[in-house]
2 protein chains.
Amino acid sequence: MLASMLAEERQQRINEHLREKEFCTLKELSEMLNVSVSTVRRDINFLKTTGVLRRTHGGARLSEQVEIEGTHPLVPNASVRSELKECIARYCASLIEPGQTVIMDGGSTVFSVARHLVVKHPIVITNSLPISNLYSNYRQVEVHVTGGVVYPRLGVLTGPNAVEGFSKIHADVAIMGAGGLDVQDGVTNTHALLIDMQLAMIKAARKVIFCMDSTKLGARSLFFLCSADQVQTLVTNSDVDPVLVKALRKKGVDVHLVPC
Amino acid sequence: MLASMLAEERQQRINEHLREKEFCTLKELSEMLNVSVSTVRRDINFLKTTGVLRRTHGGARLSEQVEIEGTHPLVPNASVRSELKECIARYCASLIEPGQTVIMDGGSTVFSVARHLVVKHPIVITNSLPISNLYSNYRQVEVHVTGGVVYPRLGVLTGPNAVEGFSKIHADVAIMGAGGLDVQDGVTNTHALLIDMQLAMIKAARKVIFCMDSTKLGARSLFFLCSADQVQTLVTNSDVDPVLVKALRKKGVDVHLVPC
DNA sequence: GAAGAATTTGAAATTATTTGCAAGAATAAA
DNA sequence: TTTATTCTTGCAAATAATTTCAAATTCTTC
């Protein structure tokens, strides 16, 4: 047998595979992972309890609710606009000075920030189609879109062109989302494709603001982005474990707690 | 048998197929999905209960409530839906081979072509946000977006980055619109910013198709794009001055007249 | 390290589901 | 009407899920 694999690693690869393909059969996975169908079935059943996928006959399907951080399903309105996100977003927007150059990623919370940012007449650099659309109606906001290939379900531009788009510019602030932030594990995100992009964003910005609601704190996603002490500013709702906040502040993170 | 497919996946593909074609037969689906007509029938009957489609004899029709175009925020103005444009667009789409690499600009007629092009599963390169949005719901279409600055009202990406985006690639066909075409004045367009872009598109494509309705023929806009003899293919409605058509053909233009 | 406990894995038997097929009924077309 | 499809229904074959159990692996503890 080939290099044996830990259960956790296997499940991670299943998750990864599903995020790309949306559907897959047990057989397919068992061949990919060199384990029996029984084992794959057990893994899948476990992953079902964590909510990342749904079972179907003969296979699994990516759970619809798994957004990228989550990146809005292409309809950014409606359900995604939770009061919590709205609240964090409003505060986050208040941190931006008029006329600043702002990088924004494809996260759903970031999209909410974008809506509150119109009055600041920013110059926006983004790889998010929804944000581009949002501003294309407002002349007051200058929007620079990176190139790239559209990642279907999510509406973000990915690939080398997108990364290159960020590597060529400099911005005052980057506003980003992520799937998890933990003292030990640092910042993590759900899609491998986003990591390169977000790294380029961080590099291009003088200041980085992470926006995420408290459910993301203490959690971790699949892919590592950066360590906790590399986070300059964090905006979240005040519903967080105070111990975690203290630990983050000790690491030098400027934590803003928004009462919601 | 080929890679077996999950029931849910099949149903999703039926749904997607219907969004493209609006109507299709069971036989057609059974061939597409490599399953028996019985199975397709069962799938269809299930989908009927979810409301995404209606049953007919021998086939299924997309439910009226389901917007064909999906939800793209940047809906081009109402004029886009004119029967004339629709008609030209449909014909123009028929000129494209399945799987071709297609450059599309931000013109409203071109947008209509884009809607008819989904079934050809093209690789699309565009600087148009509306087109990017349109396809972001369809996994079958690979969309490459050039970078650039959003030109507010039109939702097209402009500037050096956009031009560069086209200069790096090669495509089978470019489908473009313009503000005017005249034997003497050549092709002209309304926005200076678009000229550089369109020149880059023309350079990157092996074949160039101009789509414009007959009101644009004989007219001229402010900015010069290229001379008439540089136009390879023109698709327009048959309501044109025959003298003009003759003159264009004499210049080597392949004029397609669509009866509308 | 080795022995034993605990867990994980693969495989077999049983049960449940899905799929394809066929015969007669129903529907549309000629 | 006749004719040709398509639909329904029931059934058998194929496929997948569940349960169970033995072998293999990992984890303790010495």
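As a basis for the values below, the full set of heavy atoms in this structure was taken, side chains included, without hydrogen atoms, waters or symmetry mates. Below, chain A is the first sequence line, B the second, and so on; all start at residue 1.
With hydrogens and angles left out, the side chain of A:Ser38 and the base of C:dA11 share a donor-acceptor pair within 3.5 Å.
In this structure, the nucleotide among D:dA17, C:dT19, C:dG10 sitting nearest to the side chain of A:Arg55 is D:dA17.
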Kindly list each side-chain donor-acceptor pair under 3.5 angstrom involving residues 230-241 of chain A, sequence neighbours excluded, with atom names and distances?
from: A:Gln230; atom 1: OE1; to: A:Ser227; atom 2: N; distance (Å): 3.3
from: A:Gln230; atom 1: OE1; to: A:Ser227; atom 2: OG; distance (Å): 3.4
from: A:Thr236; atom 1: OG1; to: A:Met212; atom 2: O; distance (Å): 2.7
from: A:Thr236; atom 1: OG1; to: A:Ser214; atom 2: N; distance (Å): 3.3
from: A:Asn237; atom 1: OD1; to: A:Ser214; atom 2: N; distance (Å): 2.7
from: A:Asn237; atom 1: OD1; to: A:Ser214; atom 2: OG; distance (Å): 3.3
from: A:Asn237; atom 1: ND2; to: A:Ser214; atom 2: OG; distance (Å): 3.1
from: A:Ser238; atom 1: OG; to: A:Val258; atom 2: O; distance (Å): 3.4
from: A:Asp241; atom 1: OD1; to: A:Val243; atom 2: N; distance (Å): 3.2

Solution key, residues 178-187 of chain A side-chain donor-acceptor pairs under 3.5 Å, sequence neighbours excluded:
from: A:Asp182; atom 1: OD2; to: A:Gln184; atom 2: N; distance (Å): 3.1
from: A:Asp182; atom 1: OD2; to: A:Asp185; atom 2: N; distance (Å): 3.4

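Here A:Val37 lies out of heavy-atom contact (under 4.0 Å) with every strand.
Proximity of A:Arg10 to the phosphate of C:dT8: no side-chain N or O atom is located under 4.0 Å from OP1 or OP2. The side chain of B:Arg41 places an N or O atom within less than 4.0 Å of a non-bridging phosphate oxygen (OP1 or OP2) of D:dC7.
Without hydrogens or angle criteria, A:Thr188 side chain to A:Leu222 main chain gives no donor-acceptor distance under 3.5 Å.
The interatomic distance linking A:Leu29 (CG) with C:dG10 (P) rounds to 14 Å, in whole Å. Atom pair A:Leu33:CG and C:dG10:C1' shows a separation of 15 Å (rounding to whole Å applied). Per the geometry, CZ belonging to A:Arg42 stands 14 Å off P belonging to D:dC21, to the nearest Å.
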Contacts under 3.5 Å, N or O only, protein and nucleotides 13-17 of chain C:
from: C:dT17; atom 1: O3'; to: A:His57; atom 2: ND1; distance (Å): 2.9
from: C:dT17; atom 1: O3'; to: A:His57; atom 2: NE2; distance (Å): 3.3

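The ring pair (Phe, Tyr, Trp, His ring centres under 6.0 Å) analysis of residues 229-258 of chain A, with sequence neighbours excluded, yields the pairs A:Tyr91-A:His256. Evaluation of the ring pair (Phe, Tyr, Trp, His ring centres under 6.0 Å) test over residues 6-25 of chain A, restricted to residues two or more places apart or in two chains, returns none. A salt bridge (charged side-chain N to carboxylate O under 4.0 Å, His left out) check over residues 154-163 of chain A, counting only residues at least two apart or in different chains, returns nothing.
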